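Just below is one structure, and these are the notes that go with it.
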2 protein chains.
Amino acid sequence: MSVTNGRVPTVLSAEFGLPVTAAEHEACPVTDVLRRIGDKWSVLVVVVLGRGPRRFNELHRSIENISQRMLTRTLRALQRDGLVTRTVYPTVPATVEYALTDLGRTLLGPLSALTDWAIANREDIEVARIRHDEMEERPPS
Amino acid sequence: MSVTNGRVPTVLSAEFGLPVTAAEHEACPVTDVLRRIGDKWSVLVVVVLGRGPRRFNELHRSIENISQRMLTRTLRALQRDGLVTRTVYPTVPATVEYALTDLGRTLLGPLSALTDWAIANREDIEVARIRHDEMEERPPS
DNA sequence: CGGCATCCTGACCGATACTG
DNA sequence: CAGTATCGGTCAGGATGCCG
(Lines give C-alpha, C1' and ligand atoms only; values in the text may rest on other atoms or scores of the structure.)
Protein backbone atom coordinates (compact mmCIF):
# COMPACT_ATOMS: atom_id res chain seq x y z
CA MET A 1 0.00 0.00 0.00
CA SER A 2 1.59 3.22 -1.13
CA VAL A 3 0.32 6.62 -0.11
CA THR A 4 2.02 9.06 -2.40
CA ASN A 5 0.43 12.29 -1.29
CA GLY A 6 1.43 12.00 2.34
CA ARG A 7 -2.14 11.52 3.54
CA VAL A 8 -3.77 8.27 4.48
CA PRO A 9 -7.26 7.10 3.57
CA THR A 10 -10.22 8.35 5.58
CA VAL A 11 -10.65 5.56 8.05
CA LEU A 12 -6.98 5.57 8.87
CA SER A 13 -7.03 9.32 9.43
CA ALA A 14 -9.89 8.79 11.80
CA GLU A 15 -7.92 6.10 13.59
CA PHE A 16 -5.07 8.52 14.10
CA GLY A 17 -7.51 11.05 15.44
CA LEU A 18 -7.11 13.39 12.50
CA PRO A 19 -10.03 15.23 10.97
CA VAL A 20 -11.37 13.91 7.73
CA THR A 21 -11.66 16.20 4.73
CA ALA A 22 -14.43 16.16 2.18
CA ALA A 23 -12.04 15.15 -0.58
CA GLU A 24 -10.72 12.26 1.45
CA HIS A 25 -14.17 11.04 2.27
CA GLU A 26 -15.12 10.81 -1.37
CA ALA A 27 -11.98 8.81 -2.02
CA CYS A 28 -12.23 6.56 1.03
CA PRO A 29 -11.89 3.01 -0.31
CA VAL A 30 -13.72 1.51 2.62
CA THR A 31 -16.78 3.69 2.29
CA ASP A 32 -16.60 3.09 -1.42
CA VAL A 33 -16.49 -0.69 -1.14
CA LEU A 34 -19.13 -0.88 1.56
CA ARG A 35 -21.53 1.17 -0.47
CA ARG A 36 -20.79 -1.14 -3.38
CA ILE A 37 -21.40 -4.48 -1.69
CA GLY A 38 -23.66 -3.06 1.02
CA ASP A 39 -26.63 -3.14 -1.29
CA LYS A 40 -29.33 -5.72 -0.98
CA TRP A 41 -28.03 -8.46 -3.24
CA SER A 42 -24.31 -8.19 -4.09
CA VAL A 43 -23.03 -10.31 -1.23
CA LEU A 44 -25.53 -13.03 -1.92
CA VAL A 45 -24.54 -13.14 -5.59
CA VAL A 46 -20.83 -13.22 -4.79
CA VAL A 47 -21.26 -16.05 -2.30
CA VAL A 48 -23.32 -18.13 -4.72
CA LEU A 49 -20.78 -17.56 -7.48
CA GLY A 50 -18.12 -18.57 -4.97
CA ARG A 51 -19.33 -22.13 -5.45
CA GLY A 52 -18.65 -21.99 -9.15
CA PRO A 53 -19.87 -20.41 -12.40
CA ARG A 54 -23.60 -19.99 -12.80
CA ARG A 55 -25.96 -19.09 -15.60
CA PHE A 56 -28.40 -16.23 -15.31
CA ASN A 57 -31.46 -18.29 -14.49
CA GLU A 58 -29.51 -20.54 -12.14
CA LEU A 59 -28.69 -17.47 -10.12
CA HIS A 60 -32.26 -16.29 -10.42
CA ARG A 61 -33.48 -19.55 -8.93
CA SER A 62 -30.76 -19.76 -6.25
CA ILE A 63 -31.66 -16.39 -4.80
CA GLU A 64 -35.37 -16.94 -5.33
CA ASN A 65 -37.00 -13.61 -4.67
CA ILE A 66 -34.56 -11.33 -6.39
CA SER A 67 -36.19 -9.62 -9.37
CA GLN A 68 -34.72 -10.05 -12.83
CA ARG A 69 -34.07 -6.37 -12.91
CA MET A 70 -32.05 -6.37 -9.69
CA LEU A 71 -30.11 -9.50 -10.62
CA THR A 72 -29.11 -7.90 -13.91
CA ARG A 73 -28.15 -4.63 -12.24
CA THR A 74 -26.19 -6.36 -9.49
CA LEU A 75 -24.28 -8.50 -11.98
CA ARG A 76 -23.49 -5.46 -14.14
CA ALA A 77 -22.15 -3.56 -11.18
CA LEU A 78 -19.99 -6.47 -10.04
CA GLN A 79 -18.74 -6.89 -13.58
CA ARG A 80 -17.90 -3.20 -13.83
CA ASP A 81 -15.80 -3.47 -10.68
CA GLY A 82 -13.92 -6.46 -12.08
CA LEU A 83 -15.33 -8.92 -9.55
CA VAL A 84 -17.39 -10.97 -12.00
CA THR A 85 -16.97 -12.08 -15.60
CA ARG A 86 -19.79 -12.46 -18.09
CA THR A 87 -19.32 -14.96 -20.89
CA VAL A 88 -21.78 -15.32 -23.76
CA TYR A 89 -21.84 -18.59 -25.69
CA PRO A 90 -23.24 -18.27 -29.22
CA THR A 91 -25.84 -20.98 -28.81
CA VAL A 92 -29.51 -20.57 -29.68
CA PRO A 93 -30.92 -19.27 -27.53
CA ALA A 94 -27.95 -17.52 -26.02
CA THR A 95 -26.21 -19.00 -22.99
CA VAL A 96 -24.61 -16.60 -20.53
CA GLU A 97 -22.33 -17.71 -17.76
CA TYR A 98 -21.22 -15.63 -14.80
CA ALA A 99 -18.16 -16.40 -12.68
CA LEU A 100 -15.99 -14.72 -10.09
CA THR A 101 -12.71 -13.23 -11.25
CA ASP A 102 -9.52 -13.77 -9.26
CA LEU A 103 -10.21 -10.43 -7.63
CA GLY A 104 -13.74 -11.50 -6.81
CA ARG A 105 -12.50 -14.67 -5.20
CA THR A 106 -10.21 -12.72 -2.87
CA LEU A 107 -13.30 -11.04 -1.48
CA LEU A 108 -14.70 -14.34 -0.22
CA GLY A 109 -12.32 -14.44 2.73
CA PRO A 110 -13.04 -11.01 4.26
CA LEU A 111 -16.69 -11.58 3.50
CA SER A 112 -16.82 -14.78 5.50
CA ALA A 113 -15.27 -12.97 8.46
CA LEU A 114 -18.22 -10.62 8.38
CA THR A 115 -20.84 -13.31 7.72
CA ASP A 116 -19.47 -15.39 10.58
CA TRP A 117 -19.76 -12.37 12.83
CA ALA A 118 -23.30 -11.73 11.66
CA ILE A 119 -24.37 -15.31 12.29
CA ALA A 120 -22.60 -15.48 15.65
CA ASN A 121 -24.13 -12.26 16.94
CA ARG A 122 -27.56 -12.09 15.34
CA GLU A 123 -29.26 -13.14 18.54
CA ASP A 124 -27.53 -10.48 20.63
CA ILE A 125 -28.49 -7.81 18.15
CA GLU A 126 -32.06 -9.03 18.03
CA VAL A 127 -32.32 -8.94 21.82
CA ALA A 128 -30.75 -5.47 21.97
CA ARG A 129 -33.26 -4.17 19.44
CA ILE A 130 -36.24 -5.55 21.30
CA ARG A 131 -35.01 -4.19 24.62
CA HIS A 132 -34.36 -0.80 23.06
CA ASP A 133 -37.76 -0.65 21.38
CA GLU A 134 -39.52 -1.61 24.60
CA MET A 135 -37.63 1.09 26.47
CA GLU A 136 -38.96 3.87 24.32
CA GLU A 137 -42.55 2.65 24.52
CA ARG A 138 -42.45 2.72 28.33
CA PRO A 139 -39.52 4.91 29.42
CA PRO A 140 -37.73 3.60 32.52
CA SER A 141 -39.58 4.80 35.61
CA MET B 1 -24.33 -22.12 15.86
CA SER B 2 -27.53 -24.04 16.40
CA VAL B 3 -30.13 -24.41 13.69
CA THR B 4 -33.22 -25.75 15.37
CA ASN B 5 -35.61 -25.82 12.45
CA GLY B 6 -33.43 -27.97 10.22
CA ARG B 7 -32.78 -25.13 7.79
CA VAL B 8 -29.67 -23.02 7.60
CA PRO B 9 -29.47 -19.27 7.06
CA THR B 10 -29.82 -17.89 3.57
CA VAL B 11 -26.24 -17.54 2.53
CA LEU B 12 -25.45 -21.02 3.72
CA SER B 13 -28.40 -22.43 1.82
CA ALA B 14 -27.04 -20.72 -1.23
CA GLU B 15 -23.64 -22.26 -0.57
CA PHE B 16 -25.16 -25.69 -0.46
CA GLY B 17 -26.92 -24.97 -3.71
CA LEU B 18 -30.36 -24.89 -2.15
CA PRO B 19 -32.97 -22.39 -3.17
CA VAL B 20 -33.63 -19.50 -0.85
CA THR B 21 -37.15 -18.80 0.35
CA ALA B 22 -38.64 -15.38 0.95
CA ALA B 23 -38.97 -16.02 4.66
CA GLU B 24 -35.34 -17.03 4.94
CA HIS B 25 -34.19 -14.02 3.08
CA GLU B 26 -35.91 -11.66 5.48
CA ALA B 27 -34.23 -13.46 8.35
CA CYS B 28 -30.79 -13.72 6.75
CA PRO B 29 -28.37 -12.35 9.34
CA VAL B 30 -25.79 -11.44 6.75
CA THR B 31 -28.12 -9.37 4.61
CA ASP B 32 -29.46 -7.86 7.78
CA VAL B 33 -26.06 -6.84 9.11
CA LEU B 34 -24.78 -5.59 5.80
CA ARG B 35 -27.78 -3.37 5.35
CA ARG B 36 -27.21 -2.10 8.85
CA ILE B 37 -23.55 -1.13 8.56
CA GLY B 38 -23.61 -0.69 4.78
CA ASP B 39 -24.99 2.81 5.11
CA LYS B 40 -22.86 5.84 4.53
CA TRP B 41 -21.51 6.49 8.04
CA SER B 42 -21.84 3.54 10.42
CA VAL B 43 -18.47 1.98 9.71
CA LEU B 44 -16.69 5.30 10.10
CA VAL B 45 -18.37 5.92 13.45
CA VAL B 46 -17.57 2.43 14.72
CA VAL B 47 -13.93 2.73 13.72
CA VAL B 48 -13.54 6.12 15.38
CA LEU B 49 -15.20 4.84 18.55
CA GLY B 50 -12.83 1.88 18.33
CA ARG B 51 -10.11 4.26 19.52
CA GLY B 52 -12.04 5.10 22.66
CA PRO B 53 -15.16 6.89 23.92
CA ARG B 54 -16.06 10.14 22.21
CA ARG B 55 -18.47 12.96 22.82
CA PHE B 56 -20.98 14.04 20.23
CA ASN B 57 -19.06 17.01 18.91
CA GLU B 58 -15.78 15.13 18.99
CA LEU B 59 -17.31 12.64 16.60
CA HIS B 60 -18.79 15.45 14.58
CA ARG B 61 -15.33 16.97 14.13
CA SER B 62 -13.57 13.64 13.53
CA ILE B 63 -15.81 12.76 10.61
CA GLU B 64 -15.90 16.34 9.38
CA ASN B 65 -18.59 16.43 6.75
CA ILE B 66 -21.19 14.28 8.34
CA SER B 67 -24.28 16.32 9.16
CA GLN B 68 -25.58 16.55 12.72
CA ARG B 69 -28.69 14.85 11.58
CA MET B 70 -26.91 11.82 10.13
CA LEU B 71 -24.52 11.53 13.09
CA THR B 72 -27.51 11.44 15.44
CA ARG B 73 -29.36 8.92 13.33
CA THR B 74 -26.30 6.71 12.89
CA LEU B 75 -25.57 6.71 16.62
CA ARG B 76 -29.19 5.94 17.46
CA ALA B 77 -29.21 2.99 15.08
CA LEU B 78 -25.93 1.60 16.46
CA GLN B 79 -27.26 2.07 19.97
CA ARG B 80 -30.45 0.24 19.12
CA ASP B 81 -28.46 -2.72 17.84
CA GLY B 82 -26.44 -2.83 21.05
CA LEU B 83 -23.17 -1.81 19.40
CA VAL B 84 -22.84 1.57 21.07
CA THR B 85 -23.66 2.99 24.50
CA ARG B 86 -24.86 6.51 25.16
CA THR B 87 -24.07 7.99 28.56
CA VAL B 88 -25.46 11.34 29.70
CA TYR B 89 -23.62 13.20 32.44
CA PRO B 90 -25.80 15.72 34.32
CA THR B 91 -23.50 18.67 33.79
CA VAL B 92 -24.62 22.06 32.47
CA PRO B 93 -24.76 22.00 29.59
CA ALA B 94 -25.26 18.26 29.22
CA THR B 95 -22.30 16.04 28.35
CA VAL B 96 -22.98 12.92 26.31
CA GLU B 97 -20.41 10.24 25.77
CA TYR B 98 -20.60 7.45 23.21
CA ALA B 99 -18.60 4.25 23.38
CA LEU B 100 -18.52 0.82 21.79
CA THR B 101 -20.08 -2.04 23.72
CA ASP B 102 -18.32 -5.38 24.01
CA LEU B 103 -20.44 -6.50 21.08
CA GLY B 104 -19.44 -3.43 19.11
CA ARG B 105 -15.78 -4.12 19.77
CA THR B 106 -16.07 -7.63 18.34
CA LEU B 107 -17.09 -6.06 15.07
CA LEU B 108 -13.74 -4.28 14.70
CA GLY B 109 -11.95 -7.47 13.68
CA PRO B 110 -14.17 -8.57 10.79
CA LEU B 111 -14.41 -4.94 9.74
CA SER B 112 -10.66 -4.58 9.43
CA ALA B 113 -10.56 -7.69 7.24
CA LEU B 114 -12.89 -5.90 4.88
CA THR B 115 -11.16 -2.52 5.10
CA ASP B 116 -7.80 -4.14 4.45
CA TRP B 117 -9.26 -5.79 1.38
CA ALA B 118 -10.75 -2.51 0.22
CA ILE B 119 -7.46 -0.66 0.61
CA ALA B 120 -5.44 -3.45 -0.98
CA ASN B 121 -7.68 -3.73 -4.04
CA ARG B 122 -8.96 -0.21 -4.60
CA GLU B 123 -6.59 0.33 -7.50
CA ASP B 124 -7.63 -2.85 -9.28
CA ILE B 125 -11.28 -1.91 -8.91
CA GLU B 126 -10.62 1.60 -10.14
CA VAL B 127 -8.83 0.28 -13.21
CA ALA B 128 -11.57 -2.25 -13.90
CA ARG B 129 -14.19 0.49 -13.75
CA ILE B 130 -12.36 2.78 -16.12
CA ARG B 131 -11.75 -0.06 -18.59
CA HIS B 132 -15.39 -1.10 -18.41
CA ASP B 133 -16.67 2.45 -18.87
CA GLU B 134 -14.40 2.98 -21.87
CA MET B 135 -15.62 -0.25 -23.42
CA GLU B 136 -19.22 0.85 -23.53
CA GLU B 137 -18.40 4.24 -25.00
CA ARG B 138 -16.55 2.64 -27.88
CA PRO B 139 -17.60 -1.01 -28.12
CA PRO B 140 -14.75 -3.35 -29.15
CA SER B 141 -14.51 -3.37 -32.94
C1' DC C 1 -32.88 -17.84 -22.42
C1' DG C 2 -31.38 -13.56 -20.97
C1' DG C 3 -32.21 -9.65 -20.98
C1' DC C 4 -33.90 -4.02 -21.51
C1' DA C 5 -37.43 0.04 -20.96
C1' DT C 6 -40.74 2.24 -18.14
C1' DC C 7 -43.17 3.63 -14.14
C1' DC C 8 -43.49 4.16 -9.35
C1' DT C 9 -42.69 4.10 -4.25
C1' DG C 10 -40.03 4.58 -0.27
C1' DA C 11 -35.56 4.84 1.94
C1' DC C 12 -31.48 7.46 2.43
C1' DC C 13 -29.32 11.64 2.97
C1' DG C 14 -28.22 16.77 3.04
C1' DA C 15 -29.46 21.73 4.24
C1' DT C 16 -31.45 24.71 7.22
C1' DA C 17 -33.63 26.43 11.23
C1' DC C 18 -34.93 26.01 15.96
C1' DT C 19 -34.42 24.27 21.22
C1' DG C 20 -33.46 22.72 26.39
C1' DC D 1 -23.47 21.05 24.01
C1' DA D 2 -26.40 17.98 21.93
C1' DG D 3 -29.69 17.55 19.85
C1' DT D 4 -35.11 17.91 17.14
C1' DA D 5 -38.08 19.38 13.13
C1' DT D 6 -39.00 20.13 8.46
C1' DC D 7 -38.23 20.18 3.59
C1' DG D 8 -36.55 18.46 -0.59
C1' DG D 9 -33.54 15.84 -3.77
C1' DT D 10 -31.54 11.53 -5.29
C1' DC D 11 -31.54 6.82 -5.94
C1' DA D 12 -32.26 1.84 -4.74
C1' DG D 13 -35.35 -1.38 -5.83
C1' DG D 14 -40.07 -3.66 -7.11
C1' DA D 15 -43.77 -4.49 -10.86
C1' DT D 16 -44.82 -4.98 -15.38
C1' DG D 17 -44.30 -5.48 -20.23
C1' DC D 18 -41.60 -6.15 -24.52
C1' DC D 19 -37.65 -8.24 -27.37
C1' DG D 20 -33.81 -10.93 -30.10
Side-chain angles (χ1 to χ4, degrees), chain A residues 20-23 25-26 28 31-45 48-49 53-81 84-99 136 139, chain B residues 20 22 25-26 28 31-45 48-49 53-81 84-99 136 139:
Chain A
V20 175
T21 68
H25 179 260
E26 293 309 314
C28 172
T31 299
D32 202 35
V33 165
L34 274 174
R35 290 186 70 77
R36 184 64 273 296
I37 66 167
D39 66 13
K40 198 167 178 179
W41 304 107
S42 290
V43 169
L44 241 35
V45 170
V48 172
L49 287 180
R54 291 286 186 276
R55 294 176 52 185
F56 186 87
N57 276 350
E58 288 180 324
L59 287 170
H60 198 197
R61 279 188 297 273
S62 291
I63 311 183
E64 184 138 348
N65 58 350
I66 188 175
S67 64
Q68 267 192 348
R69 173 187 150 89
M70 280 301 117
L71 181 54
T72 301
R73 287 175 64 114
T74 302
L75 286 167
R76 287 289 180 281
L78 293 173
Q79 186 190 355
R80 184 170 108 95
D81 288 352
V84 161
T85 59
R86 177 179 185 269
T87 311
V88 182
Y89 297 100
T91 56
V92 178
T95 300
V96 182
E97 192 175 76
Y98 294 92
E136 53 183 24
Chain B
V20 175
H25 179 258
E26 293 311 314
C28 172
T31 300
D32 202 37
V33 165
L34 274 175
R35 290 185 71 76
R36 184 63 272 297
I37 66 166
D39 66 13
K40 197 168 180 179
W41 304 107
S42 290
V43 169
L44 241 35
V45 170
V48 172
L49 287 179
R54 292 286 187 275
R55 295 175 53 185
F56 185 86
N57 275 350
E58 288 180 325
L59 287 171
H60 198 197
R61 279 188 295 273
S62 290
I63 309 182
E64 185 138 349
N65 58 349
I66 188 174
S67 65
Q68 266 191 348
R69 173 182 190 215
M70 287 325 294
L71 181 54
T72 300
R73 287 174 65 110
T74 302
L75 286 167
R76 288 288 180 281
L78 293 173
Q79 186 190 352
R80 185 170 108 94
D81 288 351
V84 161
T85 59
R86 176 178 183 270
T87 311
V88 183
Y89 297 100
T91 57
V92 178
T95 300
V96 181
E97 191 174 78
Y98 293 93
E136 55 183 22

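FYI, side chains are in, hydrogens and waters are out, and symmetry mates aren't considered; it's all heavy atoms of this structure. Just so we're on the same page: letters track the sequence lines, and every chain starts at 1. This one's a predicted model, so the numbers in the text were calculated from it and none came from an experiment.
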Report yes if some heavy atom in the side chain of [X] is under 4.5 Å from a heavy atom in the side chain of [Y]; otherwise report no.
X       : Y       : value
A:Val33 : A:Asp81 : no
A:Arg61 : A:Glu58 : yes
A:Leu59 : A:Leu75 : yes

Length of the line joining [X]:[atom1] and [N]:[atom2], which is rounded to integer Å:
X       : N      : atom1 : atom2 : value
A:Leu34 : C:dC12 : CG    : P     : 16 Å
B:Asn65 : C:dT16 : CG    : P     : 14 Å
A:Met70 : C:dG3  : CE    : C1'   : 14 Å
B:Trp41 : C:dG14 : CH2   : C1'   : 10 Å
A:Glu58 : C:dG2  : CD    : C1'   : 13 Å
A:Glu97 : C:dG3  : CD    : C1'   : 17 Å

Residues that [X] engages under side chain to side chain contact (heavy atoms under 4.5 Å, CB included), provided they are two or more places apart:
X       : result
B:Arg76 : B:Thr72, B:Gln79, B:Arg86, B:Tyr98
B:Ala99 : B:Pro53, B:Thr85
A:Leu34 : A:Val30, B:Val43, B:Leu114
B:Arg80 : A:Arg129, A:His132, A:Asp133

Polar atom pairs between nucleotides 4-11 of chain C and protein, under 3.5 Å, N or O only, would you list them?
from	atom 1	to	atom 2	distance (Å)
C:dC4	OP1	A:Arg76	NH2	3.0
C:dT6	O4	A:Arg69	NH1	3.1

Residues forming a side-chain hydrogen bond (donor to acceptor under 3.5 Å, both in side chains) with A:Thr95, sequence neighbours excluded: A:Thr91
First and last nucleotide of DNA chain D, 5' to 3', lying under 4.0 Å from heavy atoms of chain A: D:dA12 to D:dA15
Distance (rounded to the nearest 0.5 Å) between A:Trp41 CH2 and A:Ile66 CD1: 5.0 Å
Angle of first-five versus last-five pair axes in the helix from C:dC1-D:dG20 to C:dG20-D:dC1, to 10 degrees: 50°
Closest non-hydrogen atom pair, B:Ser42 against B:Arg36: OG-NH2, 3.2 Å
Atom of B:Arg35, atom of A:Asp39 and distance for their closest heavy-atom approach: NH1-C, 4.2 Å
N or O in side chain of A:Tyr98 less than 4.0 angstrom from C:dG3 OP1/OP2: yes
